[in-house]
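In what follows, a structure is listed as structure tokens, so that the remarks can point back to it.
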Protein chains: 4
Amino acid sequence: MPCEYRLKRRVQFYETDMAGIVHFSWFFRYMEEAEHALWREAGLSIAARGDGFGYPRVAASFDYHAPLQLEDEFDVYLRIVKITRASMAYACAVSRGGERIATGALTIVCVTRGEDGRMVSAPFPADVRSRFDVAAEAGA
Amino acid sequence: MPCEYRLKRRVQFYETDMAGIVHFSWFFRYMEEAEHALWREAGLSIAARGDGFGYPRVAASFDYHAPLQLEDEFDVYLRIVKITRASMAYACAVSRGGERIATGALTIVCVTRGEDGRMVSAPFPADVRSRFDVAAEAGA
Amino acid sequence: MPCEYRLKRRVQFYETDMAGIVHFSWFFRYMEEAEHALWREAGLSIAARGDGFGYPRVAASFDYHAPLQLEDEFDVYLRIVKITRASMAYACAVSRGGERIATGALTIVCVTRGEDGRMVSAPFPADVRSRFDVAAEAGA
Amino acid sequence: MPCEYRLKRRVQFYETDMAGIVHFSWFFRYMEEAEHALWREAGLSIAARGDGFGYPRVAASFDYHAPLQLEDEFDVYLRIVKITRASMAYACAVSRGGERIATGALTIVCVTRGEDGRMVSAPFPADVRSRFDVAAEAGA
């Protein structure tokens, strides 16, 4: 079962800022692109498609080691590091050639609509869980 | 009834690109900000709030006369130039001090969900129409 | 010499808005992506690389025919329709499968830094001009 | 001397995603808006203005407690928690009314162009340091 993904990407002009480098907020979008590609690779779509489940982010971070510049080709490597009943944690490494650019982390939770109409925590649907099973790390 | 709005705005860092100026795509977001502020001024929200109506954009354009730069304070002046039964056209002028920066246009239509579930053209709801009435220009 | 480009693209989650479709401002970024890919195809980079030339946008527009949705795969077809001494006009067609999604236009000009430090209109550098020559349409 | 800032902000339509809430990447831009407003309040501009100094981000994070929705009015409270010779750390709290929405952190460093043309770590310029002095927390 896939529990990692390597996204190949090129820096676009609209991702740069007046400092001449990719704006730091873009790395969070790169990480999300890799996440959704990983889910597609697993035969899933992370976007609620009528099944009522959603996957909001509860924590996201990046450490920045070196800047990305226009037209740079780079990799966004994403890996599931932990799955529990209702949450998933990813680690992310952005690199260019062999150079380390940024190191990120992302945690999502599974929610569904409760009886009062509000989103409430819920276990991952069975198909999601089965496709991402990382046995050793699965928690309660 | 309000049919124009002047939004005061400051350029943010993340709106600039590596050319050191505001990226041209941002003007479309500035125009939308002014549009939604105009609707709020009229006591309305342009975002569907359960009434089933939506207002997709069918045409948008800008001519650029001079660049905006970081921390510039500028105005986004938006004016309804035509309302028909199911569409609305705006004209937009972005300026800094007395200087002309960009000139835009935006056309939206009113849609609602048809019996087959697809969005279809619909007359504006009565409250929207009454609040934006620009008598002379109203068409069929 | 290349005077057109077809970019293959997939809708990303962060490009959608609460209406469930791609936000209209994104089409201008898609058009720019195709433009820069066209220049790369021609062996050029549109971003000033120390040669002092810049290519600001002076006009940009889109007509929207149908929405794009999450994970849709779509094409951005860009074509040079006119080159003059110091300006270039593109036509753009966004489509999904055979379906027409949006039709755009973009005009850029060539500028360089004048003696007083301000950007002023300038003829395209010779290499740019020679690589994009569209003989029949070249103007003054 | 100012070492905190409270930014008042309203959610814009283009900041929402198809889940109907503000996309998580936007919080990093809100945090930056507050940061630049804090610097302006201190009589400074964070953007290099010819003095050769830059302030790249080396770490950024958010924990998300509740979503923001269209047209919500919210606060972005930013506070300097530590200044050293060449780095500054902020804490950020996003709230709506009394409700806690998100909690962020941001660390920036001061750089300038070294003799070989590359950006290298440098002490903050004297005016920056003097205006943000948080005596007790200043390190080496």
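Proteins come first, then strands; the chains are lettered A, B, ... in the order of their sequence lines, and each starts at number 1. In this text the structure is predicted, and so the values were computed from the model without any measurement.
Residues of residues 6-16 of chain D lying under 4.5 angstrom from chain C, judged on non-hydrogen atoms, are D:Phe13, D:Tyr14, D:Thr16 in numerical order. Along residues 19-35 of chain C, the residues that come nearer than 4.5 angstrom to chain D, judged on non-hydrogen atoms, are C:Ala19, C:Gly20, C:His23 in order of number.
Taking the side chain as every heavy atom from C-beta outward, C:Met18 and D:Asp17 never approach each other to under 4.5 Å.
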